[in-house]
There are 2 protein chains.
Amino acid sequence: MKIHSFKTNESGLNRFFGPLEARIMHILWNGPEMAIKDVQVRLAKEQAINFNTVMTVMNRLVDKGVLRKRAEGRISLFQPTQSLEQFLETQSKELTNDLLEEFGPLVVNHMLDALEEADPALIEQLEQKIQALKKER
Amino acid sequence: MKIHSFKTNESGLNRFFGPLEARIMHILWNGPEMAIKDVQVRLAKEQAINFNTVMTVMNRLVDKGVLRKRAEGRISLFQPTQSLEQFLETQSKELTNDLLEEFGPLVVNHMLDALEEADPALIEQLEQKIQALKKER
DNA sequence: CACCTCACACTACCAATTGTAATGTTCGCA
DNA sequence: TGCGAACATTACAATTGGTAGTGTGAGGTG
C-alpha cells in the first residue's frame, strides 16, 4: 500500500496521515527503532492513550508500507521504511509529477507567483537550474 | 465546504471527487444548467442508475459548494459554481502553494525534472516568465 | 373533486478509512 | 506452574461516498 491522498486543509505530516498516525510517524522519525510500548509511553506524555490503540495503528502503518516491523525476541521493533527526508522527497516528487501531469501549463503559471511568495531566493535557484540544464545540451 | 484532498492514485476529476461525483461534475461542466433528471438520464446511458442516488450526490455537491442549486418552478436546476477552467485554476494554484509551503526548495528540485518529462516546452515558458519577472523590477 | 404522477426531502444502509479499545493467546521467567 | 507482558484478534464509532426506499407536496387529468 502507499499514500494516495494529500490533504489540502491540513499541514505537515497530517497532510499524509491521520492525526494519530502522524504523531506516531513523528516519533519514529525522531528517534531510534522502537517497540510499541516506547511509542505509547511517549504519546502518553501528552495524552493518555491505550496500548492496543497504538499497536493497531502501528500495524496498519506497516500494512501501508511506511513502517517496517522486526521481531527482536518476543517484542517487535518498528522503524520507518524511509527516512523523513526520503519520504518528503518521494512525496514531493510524486506530487510535483502528478501536478504537472494533471495541469501542465496551468501550474507553470502559478509556480512563479507561489515561489515568489514562498521565498524569492527560490526563483534564483530555479533559474540556475534552467541555465545548467540548457548548457548540458 | 471545499475540496480537501487530492488523490494521487487517480486521474482527472477523480483526483478531487468520488467516481460518481466526478461523472456528475463532468456532465455539468460540459452542458448547460440541468435538472437532476437530465443528469440521471445522461448517466443512465452508460449504467442504469437510480434517480435518488443522483439527487443525493448532487445535493452533497451543493453542500460542498461546487454546485449551485436554483429553483425553477417546482424543479431545481444545477450548475457548477465555477467553470471547469476556474476550478482547475483554483485547485492547481492552491496545490502549488501548498506544495511550496510544505516542501519549499525540495519541490524546486523536482520541478525541472517533472517539467522536462511532461513537456520540455514548458521549461521555455517558465524561463520566459522568469525573465519577464526580472525586467519588471 | 379525487387521484395519480413526478420531483424533491428525508432517512438509512453499506464499504472503506481512521481512532479506539476489549478480549484472547502465547511465552519467558519468577 | 502460573503470572504478566507483548502481541493477535475482533469489534465498534465517526466520517466519506455510493446506493436506494419511503414520505411529502403540488400540478395536471379523468
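All values derive from a computational prediction rather than experimental measurement. Below, chains carry the letters A, B, ... as their sequence lines are ordered, and counting in each starts from 1.
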Side chains of [X] and [Y]: does their closest heavy-atom pair fall under 4.5 Å?
X	Y	value
B:Leu100	B:Met111	yes
A:Asn14	A:Pro19	yes
A:Asn59	A:Phe78	yes

Length of the [atom1]-[atom2] vector between [X] and [N], whole Å:
X	N	atom1	atom2	value
A:Ile24	C:dG19	CD1	P	8 Å
A:Arg70	D:dC7	CZ	C1'	16 Å
A:Lys2	C:dT17	NZ	P	16 Å
B:Asn59	C:dT11	CG	P	14 Å
B:Arg60	C:dC10	CZ	P	14 Å
A:Ile36	C:dG19	CD1	P	16 Å
B:Glu10	D:dG17	CD	P	13 Å
A:Met58	D:dA8	CE	C1'	15 Å

Base-contact (B) and sugar-phosphate-only (S) positions in nucleotides 21-30 of chain D, heavy-atom cut-off under 4.0 Å, - elsewhere: BB--------

Can you check whether [X] has a side-chain N or O nearer than 4.0 Å to OP1 or OP2 of [N]?
X	N	result
B:Lys37	C:dC6	no
B:Lys64	D:dG17	yes
B:Lys69	C:dA9	yes
B:Ser76	C:dC8	yes

Taking [X] for the side chain and [Y] for the main chain, is one N or O donor matched with an acceptor at less than 3.5 Å?
X	Y	answer
B:Arg68	B:Pro80	no
B:Glu101	B:Asp98	no
A:Thr81	A:Gly65	yes

For the pair A:Phe16 and A:Phe87, name the ring-plane relationship: parallel under 30°, tilted 30 to 60°, perpendicular over 60°. perpendicular

Closest to the side chain of A:Ile75, out of D:dA6, C:dA12, C:dG19, is D:dA6

Go nucleotide by nucleotide along DNA chain C from the 5' end; which of B:Leu77 and A:Leu20 gets its closest nucleotide reached first? B:Leu77

Any donor-acceptor pair, under 3.5 Å, between the side chain of A:Arg23 and the base of C:dG19, if you only look at N and O atoms? no

